[in-house]
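These notes concern the structure reproduced below.
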There are 2 protein chains.
Amino acid sequence: MKEKPARRRFLKQAALLSAAGASGRAASQELAGEPWERVYGAGFRGYGQPSRFEQPVQRYVFRPYGDLAPGSGAALAPIERFEGIITPSSLHNERSHSGVPDIDPKVHRLVLHGLVARPLTFTVDALLSYPMTSRIHFLECSGNSNRALSPQPMQVPAGAMHGNIACSEWTGIPLAMLLEEAGVQPQAKWLLAEGADSAHMSRSIPIEKALDDAIIALYQNGERLRPEQGYPVRLLLPGWEGNMSVKWLRRIKATEGPTHTKDETSKYTDLLPDGKALQFTYEMGVKSVITKPSSTMKLPRPGLYEISGIAWSGAGRVRRVEVSTDGGVTWRDAVLHGEERPKALVRFRMPWEWQGQPAILQSRSTDEKGSVQPARKDWLARYSPANSFHNHSIVSWSVEADGSVRHVYA
Amino acid sequence: MKEKPARRRFLKQAALLSAAGASGRAASQELAGEPWERVYGAGFRGYGQPSRFEQPVQRYVFRPYGDLAPGSGAALAPIERFEGIITPSSLHNERSHSGVPDIDPKVHRLVLHGLVARPLTFTVDALLSYPMTSRIHFLECSGNSNRALSPQPMQVPAGAMHGNIACSEWTGIPLAMLLEEAGVQPQAKWLLAEGADSAHMSRSIPIEKALDDAIIALYQNGERLRPEQGYPVRLLLPGWEGNMSVKWLRRIKATEGPTHTKDETSKYTDLLPDGKALQFTYEMGVKSVITKPSSTMKLPRPGLYEISGIAWSGAGRVRRVEVSTDGGVTWRDAVLHGEERPKALVRFRMPWEWQGQPAILQSRSTDEKGSVQPARKDWLARYSPANSFHNHSIVSWSVEADGSVRHVYA
């Protein structure tokens, strides 16, 4: 309801623009038809693809070791090209340590062993016959937004900095069910989850999380997992840093304590100002980013625009997203879509009249636990400058007088 | 909670099966690693695709005119291969009358004219700058399930009969906003919506629907519309027969009465027993279908299974899905996922112990208006045998003594 005045203004402006188009090109002329209306169209395809005009929409691929290790690195989602909250699986963000293994689902096995009464071996077909659950959850790499820690703000699209995040409908077996079946022993307080990639990506997981909302995921957005998302089976730990949702899952071992694998000692720890490092920082912080307009875009002219973006929290539901157009001096509440779902992306939208003056756009999210997305300087003060994980600080876009949108540190 | 006993029984059985696997193949052997764990994996891709082992999962293509009109017909979604409620856009059902036009979004225009104060012409870029809304809705062809009207029950997968249905997150502009902008005149009670395919697919739409929940859709599951779904812009009329959600939308004309286009006189009317036909039957009936297990599948052995399927209603929310395993003599309530969303697919699930006896599986949905999915014979009695639209009657799968699942009329 509170949007009404802004909406009316939007309509008034849009009508002017559109009417100008209509007068310059009479409706009768419009109705004559374009070339594609005069030829029979293309036939059916068993598996569809985007329009050829949308082919430039691709993931942003980062390979820090280049051709030496072409499958080590990350592919970030072009979040500035998306709308809504579901990410198409083809453009889901991806973090891999030794490339994508080509796994035959007839051969792959998942082993559940360690401190259990009954060690179990599951074929993929056996897993597919289990009772399942479906939930919409985001998945964010703990290294997301580390490119926004460079000395000077990079002038790249939003997705190339903040796109190591995506959101899908995941379907699979509650991990608690398989643990019950194996008979986990009382002294088992941790699990080791290991992938079938050649890096054997491995993480230790507290048993409480496994019994809470962990899923042995087999489907993503309705279809079977994609290879880069862990086909044929992956772990999914909603709200926790992405690397813990171990892909190509080959075994789960119940243990007394954490295993301290290479992936939780040499990597994925958060360096503090005093030189110590935080280990086992699981939950992804409350966060948001404006995707429209965003870095490298250009507003064609002064007028009314919709500011739109995504927000999320590893702690549960997003309760509020505020938007500032003056670099954080004043804030207004955005309208939320999808805020009923915990640990899922939320779409926020707010109308904004740009009168041609320079502006700094920011968004700030608050979750149901009351946590508020921190200012950049406050977040930076918590860590060593060498830390590159868990950056969930406020993102700033500057709108210049000519309408160009730039990434700034504000 | 009420599932608990069935779940325990499931676990007991599954444990036996899995333990058998484990004993035959020791855990130590499992941990040795498969070939793909010993080689570096594949590199990143800008736009991902399914595993090569999932390539057989394709839409079922029906071209009633063969090579004479290769783009006229339908491509049905393989619903028996899906889980959850989101359909991947690549496998979304498709109904096209003259193929898929290859539309350049820089050239395409949407015209809003007729009984309006201000005729408007929109470029696609202009549309993309409007305030948007995102909602999850199903889209079902009114001819869905007409292959289940053949004299003898076809023995084909569930999707090849009932797969002219899918469900996506759609994002676009509320049509009411554009109508407000154009200034629709009071005497305009209908709209004509016309596509830019060479068939100029056209339907008349009551203004009330346009002002209620109609969307000018630009995005599907986060990314821009696929060509076969109306790229660059389509109409979306939630809950109404799919052909009215006109694809490749080129104009909307405000009119006093319905236009009686070829697509609502020679097609898409429902023949009655007395030879008359119902015209303008918009809303899709309350419906459900069991997808697992379903026609052409085979249960490997007696034991506990999860019965799973999809339910929906064009009238709003699904309130209840009941499942029978004895051909409709007794019914049990299934567990629902996603039932909070109106006019969207709901996933239902129910554990079932198959003891090796012949069984007939059925599902029956009830929506928030109190409408109940009709029995096949009751639905058939309403129409002429020549009618092929709006079949939302109960579907029956027979489980034979050898575990094979067959389509039956029951």
Side-chain angles (χ1 to χ4, degrees), chain A residues 11 15 18-19 21-22 27 30 34 36-37 40-44 46-48 51 53-54 58-59 61 70-71 75 82-84 86-88 90 98-103 105 109 111 113 118-122 131 134 169 171 181 196-198 219 221-224 226-228 231 306 337 347, chain B residues 11 15 18-19 21-22 27 30 36-37 40-44 46-48 51 53-54 58-59 61 70-71 75 82-84 86-88 90 98-103 105 107 109 111 113 118-122 131 134 169 171 181 196-198 219 221-224 226-228 231 306 337 347:
Chain A
L11 292 177
S18 303
E30 291 296 330
E34 299 297 342
W36 47 79
E37 298 176 48
Y40 193 86
F44 295 94
Y47 197 86
S51 161
F53 295 101
E54 298 294 320
Q58 303 265 320
R59 289 184 280 222
V61 174
F82 296 160
E83 258 296 348
I86 295 290
T87 309
S90 293
S98 57
V100 177
D102 181 34
I103 298 182
R109 298 289 184 274
V111 175
H113 68 134
R118 295 171 294 279
L120 298 173
T121 300
F122 302 94
S134 299
E169 183 194 47
T171 295
E181 181 170 332
D197 51 341
S198 61
Y219 294 84
N221 293 333
E223 71 185 341
R224 294 295 308 282
R226 294 296 180 82
E228 65 268 32
Y231 182 87
E306 180 172 80
H337 288 271
R347 173 65 53 177
Chain B
L11 293 177
S18 302
E30 291 296 330
W36 47 79
E37 299 175 49
Y40 192 85
F44 295 95
Y47 197 86
S51 161
F53 296 101
E54 298 295 319
Q58 302 266 319
R59 289 184 281 222
V61 174
F82 296 160
E83 259 296 347
I86 295 290
T87 309
S90 293
S98 57
V100 178
D102 181 33
I103 299 183
V107 178
R109 298 288 184 275
V111 175
H113 67 135
R118 295 170 294 279
L120 298 173
T121 301
F122 302 93
S134 299
E169 183 194 49
T171 295
E181 181 170 333
D197 51 341
S198 61
Y219 294 84
N221 292 334
E223 72 185 343
R224 293 293 310 283
R226 293 296 181 82
E228 65 268 33
Y231 183 87
E306 180 172 79
H337 288 270
R347 173 65 53 176

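Throughout, a chain's letter reflects where its sequence line sits, starting with A, and its residues are numbered from 1. Since we're looking at a predicted model, the values are computed, not measured.
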Residue pair B:Asp102 / A:Trp36: nearest heavy atoms and the distance that separates them: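 The answer is O-CE3, 3.5 Å.
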- request: Might you point out which heavy atoms bring A:Phe44 and B:Val61 nearest each other, and give the distance in Å?
  value: CB-CG1, 3.6 Å
Segment of B:Tyr40 engaging chain A (4.5 angstrom heavy-atom cut-off):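 B:Tyr40 touches chain A through backbone and side-chain heavy atoms alike.
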- request: Select one option (side chain, backbone, both, neither) describing which atoms of B:Glu223 are under 4.5 Å from chain A's heavy atoms.
  value: both
task: Name all residues meeting the side chain to side chain donor-acceptor pair (under 3.5 Å) criterion together with A:Arg347; count only those two or more places apart in sequence or in a different chain, and write none if there are none.
output: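 A:Arg347 satisfies side chain to side chain donor-acceptor pair (under 3.5 Å) with A:Thr291, A:Ser308 only.
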message: With chain A as the partner, which of B:Gly84, B:Ser98, B:Ala75, B:Pro105 has the greatest number of non-hydrogen pairs under 4.5 Å?
response: B:Ser98
- request: Pick whichever of B:Gly48, B:Gly43, B:Pro227 has the most heavy-atom pairs under 4.5 Å with chain A.
  value: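 Between B:Gly48, B:Gly43, B:Pro227, the count favours B:Gly48.
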Working to the nearest 0.5 angstrom, can you tell me the gap between [X] [atom1] and [Y] [atom2]?
| X | Y | atom1 | atom2 | value |
| --- | --- | --- | --- | --- |
| A:Tyr47 | B:Arg59 | OH | CZ | 9.5 Å |
| A:Thr87 | B:Glu169 | OG1 | CD | 9.0 Å |
| B:Asn221 | A:Asn221 | CG | CG | 6.5 Å |
| A:Arg224 | B:Phe53 | CZ | CZ | 11.5 Å |

- request: Can you sort out the partners of B:Thr171 under side-chain contact (heavy atoms from CB on, under 4.5 Å), two or more places apart, ordered by chain and number?
  value: A:Glu83, A:Arg349, B:Met132, B:Ser134, B:Tyr219
